[in-house]
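Reviewing the structure listed below.
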Amino acid sequence: MQFSELIIKLGSAVTASSFDRDRQLDPILTGLAPIDTATAGTISYIEGDKFAKFVSSTAASALVLPMNEAIQAQASDRGIAWIAAQEPRLLFAQVIKLFYQPFKLPAGVHPSAIVEADVELGENVSIGAHAVIQAGVKIGNDVTIHPNVVVYPDVQIGDRTILHANCTIHERVRLGNDCVIHSGAAIGAEGFGFVPTPSGWFKMEQAGYTVLENGVEIGCNSTVDRPAMGETRIGRDTKLDNLVHVGHGCQIGSNCALAAQVGLAGGVKVGNGVLLAGQVGVANQVTIGDRAIASSKTGIHNNVDPGEIVSGYPAVSHKLWLKTAAIVNRLPEMYQFFKQSQRN
Amino acid sequence: MQFSELIIKLGSAVTASSFDRDRQLDPILTGLAPIDTATAGTISYIEGDKFAKFVSSTAASALVLPMNEAIQAQASDRGIAWIAAQEPRLLFAQVIKLFYQPFKLPAGVHPSAIVEADVELGENVSIGAHAVIQAGVKIGNDVTIHPNVVVYPDVQIGDRTILHANCTIHERVRLGNDCVIHSGAAIGAEGFGFVPTPSGWFKMEQAGYTVLENGVEIGCNSTVDRPAMGETRIGRDTKLDNLVHVGHGCQIGSNCALAAQVGLAGGVKVGNGVLLAGQVGVANQVTIGDRAIASSKTGIHNNVDPGEIVSGYPAVSHKLWLKTAAIVNRLPEMYQFFKQSQRN
Amino acid sequence: MQFSELIIKLGSAVTASSFDRDRQLDPILTGLAPIDTATAGTISYIEGDKFAKFVSSTAASALVLPMNEAIQAQASDRGIAWIAAQEPRLLFAQVIKLFYQPFKLPAGVHPSAIVEADVELGENVSIGAHAVIQAGVKIGNDVTIHPNVVVYPDVQIGDRTILHANCTIHERVRLGNDCVIHSGAAIGAEGFGFVPTPSGWFKMEQAGYTVLENGVEIGCNSTVDRPAMGETRIGRDTKLDNLVHVGHGCQIGSNCALAAQVGLAGGVKVGNGVLLAGQVGVANQVTIGDRAIASSKTGIHNNVDPGEIVSGYPAVSHKLWLKTAAIVNRLPEMYQFFKQSQRN
């Protein structure tokens with residue numbers, strides 16, 4: 001694709017470009033590459049200070065840049081075509097879509113798939129080889145179900161939703177439109193409910209529902225459990241990374257992002273726009289307010305206020321944690337002083 | 001179901017009920033619901049102080065209550081039928097079974113399943129679509145194997161055991177009666193055994209067995225590894241939540257509960273009745289005594305005595321941890337004092 | 001197998017043995033067993049002080065021992081045959097191979113497997129029941145693909161590589177020779193890339209490649225993500241345990257070992273010979289130098305120098321961490337002293 005064609009396709013997403021000044025600089029672009037390993041013919045991008053230095057050495061033919069005139073001039077001086085926007089990462093995400101589309105299973109039901117008699121199929125559905133769709137499942141339009149997926153009975157799947165290979169959707173799951181369930185994820189399996197009795201654990205059957213609203217994504221091998229009653233619910237456009245555990249009865253709001261290996265125990269309430277970094281753990285019944293942020297490995301036992309940023313285990317405000325984490329490393333000195341003072 | 005019928009079915013599990021005083025209050029119950037979102041016609045339950053306040057506002061027609069006369073009177077005053085027991089959670093678990101049974105695969109071998117010639121099948125076995133059962137596997141009576149499960153050769157599966165979709169049972173696994181293996185779990189795969197040599201890692205083949213005694217449950221996408229020799233063993237009625245890792249050669253006792261994302265390194269010995277909360281990690285060869293408890297995210301490097309409660313990383317007694325965790329947050333003050341004292 | 005035959009088969013791997021002194025002691029060995037539960041006819045081994053005491057009581061007929069004359073004499077005195085080497089664990093790993101070979105799927109394509117028309121198959125390939133190999137996949141010689149594996153289009157698989165049941169290999173994956181992907185692992189799925197916008201998350205398509213060099217092993221239910229551009233790469237002979245997450249764009253060197261439940265965020269660079277113990281977490285874009293070691297549960301936010309040993313959260317040198325972790329438990333005393341001092 002010619003650079004000039006790229007600009008036309010991106011339209012108003014581009015705020016400024018080298019093309020505004022020099023229409024001769026119009027390289028042919030054949031692919032994408034990281035800035036430090038890019039070769040001629042590729043388009044790359046920089047974001048943040050760490051990668052800015054590579055503008056002086058990259059072999060990329062085009063760059064996605066921030067709205068920074070010095071960097072833009074540096075690129076122009078080196079004969080590199082560039083486009084820029086206030087949010088270069090968003091612009092680059094739009095560029096990627098022009099060069100790459102993820103694999104799309106062809107429409108139709110593969111002859112080796114098992115689709116039971118009373119399954120309702122929407123239009124233009126793709127069901128891959130060896131997938132198993134059981135009784136009473138309702139599948140919307142343009143749904144893609146990759147090979148070896150298993151859907152238990154009594155499941156509803158909204159339009160354009162994608163189920164990747166080897167994932168499992170259990171009974172009483174409701175998937176909205178435009179959801180993506182990645183490979184190996186297990187949605188709607190029994191919550192971990194056992195009541196201790198003198199003769200051992202008594203199993204609490206999990207009779208509730210698991211609801212994923214429109215636009216939810218669940219990462220590979222993540223698990224979202226079905227509750228004993230009511231719903232486990234994940235709100236619109238919330239994204240979960242790989243190996244995340246969502247316990248039974250959790251209520252997660254919209255537009256959240258939960259990074260890899262986060263674990264929510266049972267009945268956790270998460271507001272809207274919440275960010276939980278990798279390996280965060282949240283205890284039973286805790287409530288986390290809107291737009292709160294927890295940094296990686298935080299262990300949350302108590303409620304978190306809206307907008308709060310927490311860290312550490314047990315979680316405290318990120319500011320306090322930064323202070324105490326630094327002072328912990330002075331403990332050897334402090335302890336020596338303490339011992340000496342005691343002796344005196 | 002009529003409330004009066006429910007009481008009859010529950011029998012001696014019910015210690016007291018509104019029916020003892022008012023036989024007119026006999027609503028028809030159609031389902032279960034959480035107390036804060038319950039609608040007319042549902043039965044719900046409260047447990048603990050947090051939900052007790054909802055008795056004054058719930059729209060549920062019936063409640064499972066603790067043996068607390070004030071709360072019982074409050075329900076009666078609002079015209080809500082109720083049943084009560086010393087252990088309301090256990091009573092509620094029994095109520096659920098009257099309203100809900102999990103999906104049961106029909107008996108028989110699905111024509112698309114691959115069952116190799118010398119597999120021994122018990123009576124009344126259900127094998128789902130596209131399941132693969134390899135040579136020399138012995139399957140007991142009333143076993144359920146859901147779609148797309150893979151069983152490697154040389155596996156024994158006890159009566160009434162359930163294998164959920166997409167799980168994998170490797171060679172040399174022995175599953176007892178009444179076990180449940182949830183979706184995506186991998187039982188009996190090779191332990192992580194590599195010996196460092198000057199020319200790189202030398203793989204230690206894992207020639208042992210993986211034994212799950214009767215009544216063991218393994219959560220979705222959990223992994224229980226096969227050892228180099230001897231056994232990895234999980235004792236009777238022990239329950240593992242999702243995404244738990246049990247390293248090769250671990251010996252776990254009976255009636256334990258391991259919450260989500262717990263990880264046991266190799267050769268860990270866990271006693272009976274042990275509770276490990278979410279994201280706990282246990283180092284190689286550690287021994288944990290009977291009825292010990294570790295709170296979430298605890299990192300256990302040293303042996304834990306029977307009955308001990310531990311927290312923190314590295315794990316200490318829960319009492320000490322509570323103290324130190326509180327004082328850590330006073331470190332900025334302490335440090336300032338320390339600096340000042342030094343200057344003087 | 002006769003003990004004398006074992007010695008012949010092991011050849012130069014054996015540095016010393018009871019056979020050098022007593023050729024009459026030549027038991028028949030039928031299997032392997034842990035030293036504390038071994039029965040007559042088995043060969044076992046000890047390593048380290050913890051198990052040395054069992055030489056006086058074990059019922060094993062033969063032992064793999066360290067080069068320790070006292071222990072060797074003790075075994076001889078008890079009539080136990082033994083072999084010894086500087087690295088007894090390596091010697092024992094070689095012994096195991098004489099008694100046990102892991103299950104090998106028969107060569108050939110199972111009739112129920114779906115192999116699309118233009119797949120390139122090497123020689124002597126085994127493809128198990130219900131496996132699905134999609135368009136344009138290239139498979140080397142002697143490759144084993146177990147039942148219910150799914151391979152997306154545009155994947156290359158090197159010679160002798162093994163894919164265990166229910167794992168998923170996504171588009172744009174390049175697997176080297178002699179790799180092992182364990183059950184349920186997901187290789188090359190989309191990285192977690194979402195750009196925040198006023199109207200919600202904008203998905204960044206992941207257009208890069210996922211490359212596993214020769215001899216890489218990935219544990220059960222682990223996930224290795226595909227990047228937006230460039231490569232996620234795992235170097236030669238690096239081994240990952242179960243439930244490990246490798247974010248998009250990570251570059252891991254050769255001969256590393258990542259224990260269970262380790263998580264690497266995006267763009268992490270790991271050198272050669274690095275050891276990360278269980279549940280370690282590494283933040284975005286961090287660089288870890290060659291031969292560095294992180295102990296279990298370490299949270300790494302900053303770069304780690306080559307050869308450094310780190311612990312704690314946030315990670316500090318292991319030596320400092322040992323000191324501070326001990327002093328943290330003295331905080332109650334220190335705090336009392338601090339309060340008292342302030343009052344004075």
Side-chain angles (χ1 to χ4, degrees), chain A residues 112 114 130 132 134 148 150 152-154 166-168 170-171 184-186 189-190 192-195 197 200-208 221-223 225 228-230 243 245 247 249 261 263 265 279 281 283 285 297 299 301 313-314 316 320 323-324 327-328 330-331 333-334 337-338 341, chain B residues 31-34 37 42 44 50 87 89-90 92-94 96-97 99-103 110 112 128-130 146-148 164-166 180 182-184 215 217 219-221 236-237 239 241-243 254-255 257 259-261 277-279 296-297 312-313 325 328-329 331-332 334-335 338 341-342:
Chain A
S112 69
I114 306 293
H130 296 316
V132 179
Q134 295 178 77
N148 286 11
V150 177
Y152 279 58
D154 185 12
N166 282 319
C167 75
T168 307
H170 284 262
E171 64 210 87
E190 290 176 9
F192 193 63
F194 296 97
V195 187
T197 78
W201 300 109
F202 186 90
K203 187 185 187 97
M204 185 177 269
E205 295 294 347
Q206 305 289 304
N221 290 335
S222 289
T223 63
D225 277 3
M229 55 182 175
L243 296 166
H245 169 70
Q261 296 173 324
Q279 299 183 336
Q285 305 292 342
K297 279 189 176 288
H301 292 84
Y313 166 72
V316 293
L320 174 57
K323 275 189 209 161
T324 60
I327 296 170
V328 160
R330 314 303 295 267
L331 275 177
E333 296 162 59
M334 289 171 71
F337 170 76
F338 157 70
S341 302
Chain B
L32 312 151
T37 59
T42 60
S44 187
K50 188 174 169 186
E87 301 287 350
R89 195 160 175 248
L90 178 59
F92 187 66
Q94 291 165 299
I96 294 177
K97 279 180 180 288
F99 285 93
Y100 171 78
Q101 290 291 315
F103 168 65
H110 193 279
S112 69
H130 297 316
H146 281 273
N148 287 12
H164 277 284
N166 282 318
V180 183
H182 287 280
S183 297
E217 292 211 16
C220 295
N221 290 336
R236 190 175 44 78
D237 286 331
K239 313 296 184 184
D241 199 353
N242 298 342
L243 295 166
S254 63
N255 282 299
Q261 297 174 324
Q279 300 184 337
S296 59
K297 278 189 177 288
Y313 167 72
V328 160
N329 295 330
L331 275 177
M334 289 170 71
Y335 185 66
F338 158 70
S341 303
Q342 272 193 324

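Labels below follow one simple rule: chain letters A, B, ... track the order of the sequence lines, proteins then strands, and each chain is numbered from 1.
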When you measure from the side chain of [X] to the backbone N and O of [Y], does any donor-acceptor pair fall under 3.5 Å?
| X | Y | value |
| --- | --- | --- |
| B:Asp237 | A:Gly200 | no |
| B:His130 | A:Ser112 | yes |
| B:Gln261 | A:Gln261 | yes |

With rounding to the nearest 0.5 Å, note down the distance linking [atom1] in [X] to [atom2] in [Y].
| X | Y | atom1 | atom2 | value |
| --- | --- | --- | --- | --- |
| A:Lys203 | B:Ile96 | NZ | CD1 | 11.5 Å |
| A:Thr168 | B:His182 | OG1 | NE2 | 12.0 Å |
| B:Cys220 | A:Asn221 | SG | CG | 10.5 Å |
| B:Tyr335 | A:Lys323 | OH | NZ | 13.5 Å |
| B:Gln279 | A:Tyr313 | CD | OH | 9.5 Å |
| B:Lys239 | A:Phe192 | NZ | CZ | 8.5 Å |

Distance to the ring centre below 6.0 angstrom and angle to the axis at most 45 degrees; does that hold for B:Lys97 and A:Phe202?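 Yes; both conditions hold, so B:Lys97 lies above the ring face of A:Phe202.
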Under 4.5 Å from any heavy atom of chain B - which part of [X]:
| X | result |
| --- | --- |
| A:Glu205 | both |
| A:Ser222 | backbone |
| A:Val316 | side chain |
| A:Leu320 | side chain |
| A:Asp154 | neither |
| A:Gln206 | backbone |
| A:Ala265 | neither |
| A:Ala228 | both |

Does any part of the side chain of [Y], heavy atoms only, come nearer than 4.5 Å to the side chain of [X], both counted from C-beta?
| X | Y | answer |
| --- | --- | --- |
| A:Tyr152 | B:Ser183 | yes |
| B:Asp241 | A:Thr223 | no |
| A:Phe194 | B:Glu217 | yes |
| B:Phe92 | A:Met229 | yes |
| B:Pro332 | A:Ile327 | yes |

What heavy-atom pair brings B:Lys297 and A:Gly281 nearest, and what distance separates the two atoms?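 Closest approach of B:Lys297 to A:Gly281, heavy atoms only: CE-N, 3.5 Å.
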Shortest non-hydrogen contact between B:Pro147 and A:Val150, atoms and distance: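 Distance-wise, the nearest heavy atoms are O-CG2, 3.7 Å.
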Does any donor atom in the side chain of B:Asn166 or A:Asn148 lie under 3.5 Å from an acceptor atom in the other side chain?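 Looking only at side-chain atoms, A:Asn148 and B:Asn166 do not form any donor-acceptor pair under 3.5 Å.
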Quick one: what part of B:His110 sits under 4.5 Å from any heavy atom of chain A, side chain, backbone, both or neither?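 Interface part for B:His110: side chain.
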B:Ala257, part contacting chain A, at a heavy-atom distance under 4.5 Å: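 For B:Ala257, backbone and side chain are both near chain A.
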Mind ranking [options] by heavy-atom pairs under 4.5 Å with chain B and telling me who comes out on top?
| options | result |
| --- | --- |
| A:Pro314, A:Ala189, A:Ala186 | A:Pro314 |
| A:Asp225, A:Val328, A:Thr197 | A:Asp225 |
| A:Gly184, A:Gly230, A:Ala207 | A:Ala207 |

Check the pair B:Ser296 / A:His301 against side chain to side chain donor-acceptor pair (under 3.5 Å), numbers first and verdict last. CA-CA 9 Å; B:Ser296 59; A:His301 292 84; 3.1 Å; yes
Could you tell me which of B:Gln101, B:His146, B:Gln342, B:Gln94 has the largest number of non-hydrogen atom pairs under 4.5 Å with chain A?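 So the answer, after comparing B:Gln101, B:His146, B:Gln342, B:Gln94, is B:His146.
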In chain order, what residues pass the side chain to side chain contact (heavy atoms under 4.5 Å, CB included) check against B:Ala33, with sequence neighbours excluded?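 Only B:Ala38, B:Thr42 meet the side chain to side chain contact (heavy atoms under 4.5 Å, CB included) criterion with B:Ala33.
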Please list, chain by chain and in numerical order, all residues satisfying side chain to side chain contact (heavy atoms under 4.5 Å, CB included) with B:Glu87, sequence neighbours excluded.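 Side chain to side chain contact (heavy atoms under 4.5 Å, CB included) check on B:Glu87 returns B:Leu90.
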B:Phe103 ring center within less than 6.0 Å of A:His170 ring center: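 Centroid separation for A:His170 and B:Phe103: 6.0 Å or greater.
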